[in-house]
Amino acid sequence: MKLARLGEGPEIFHTIQGEGVSVGMPAVFIRASRCNLHCVWCDTDHTWNFTGTPWPHQKDAVPGYAKHQKEAVTFEIASADAAERILTFRCPRTVITGGEPLLQEAAFLEMIDHIRQRQPEHQFEVETNGTRIPSPAFDAAINQYNISPKLTNAAMPEALRINPAALTYFAASPKAWFKFVVAAPEDLLEIETLCGAHAIPQQRVLLMPEGRTSADLDRHSAWLAEVCRDGGYRLSDRLHIRIWGDKRGV
Ligand code: SF4
């Protein structure tokens, strides 16, 4: 499988889940390299914004920022080896994130099978952009989906970022939770429209303030809390940002 590289190894690390319904739970994170989207504000652009790709990114304006050399930010590893690395943490939960993990469904399924042979109760969450329908075998192996459909603010054509069939599939899954990053009040109407169009239940929707610092999160949280209270959504914080800041590998 192709994972993001962190230092000399793959991006696999033991931390706590900082967002969504499992917030606060100890978990091992494993980050897939490669994504089928190219969100302009993506904070894991090392998984897809490679030299030679045409996609714009917010960081283009930051002095010294350059697209990533694909080989330098990719770590290829056998599924069984990734599983063994995860098992060393003796943690009962793994979050498969990315990039877009569903692009490498077969490899992750192999990894899951390997871990479950040793820890049958191990729980797996998958963080996905919600554009791909998982296979029945993959679906059966997963305990929880954290779906983050992308809005207009990701600066991509709707046909690329929204797959109606996939959203309808996840809306009907009892394992799926939908998480939207909200940067401005105008995002809310779009979320409401999307949920209505795909029968996404409000009680399974989490709104999360956009922000890469505690100050940013605070600024957006106050008004977003009122939106959640009045609209029946859940509010999600970004606990890892508050604890460790905008750092990789924690
Ligand atoms: S879908 Fe996720 S990983 Fe892919 S570009 Fe968007 S934010 Fe980044």
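Counting starts at 1 for both ligands and their atoms, in listed order.
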What are the two closest non-hydrogen atoms of Thr74 and Ser33, and how far apart are they?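 So the minimum-distance heavy-atom pair works out to OG1-OG, 3.9 Å.
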
Protein N/O/S atoms under 2.8 Å of atom 4 (Fe) of ligand 1?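 Protein N, O or S atoms closer than 2.8 Å to atom 4 (Fe) of ligand 1: Cys35 SG.
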
Are the charged groups of Asp216 and Arg219 less than 4.0 angstrom apart, N to O? yes

Side chain to side chain contact (heavy atoms under 4.5 Å, CB included) between Trp55 and Met156: does it pass, once the steps are laid out? CA-CA 10 Å; Trp55 320 121; Met156 278 172 296; over 6 Å; no

Give a yes or no on whether Arg229 atom CZ has more than 12 heavy-atom contacts from other residues, nucleotides or ligands under 6.0 Å away.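 Count over threshold, so yes.
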
Among Lys70, Lys59, Lys67, which residue satisfies the side chain to side chain donor-acceptor pair (under 3.5 Å) criterion with Asn49? Lys67

Rounded to the nearest 0.5 Å, how far apart are CD1 of Ile30 and CD1 of Ile12?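 Interatomic distance, Ile30 CD1 to Ile12 CD1, rounded to 0.5 Å: 4.0 Å.
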
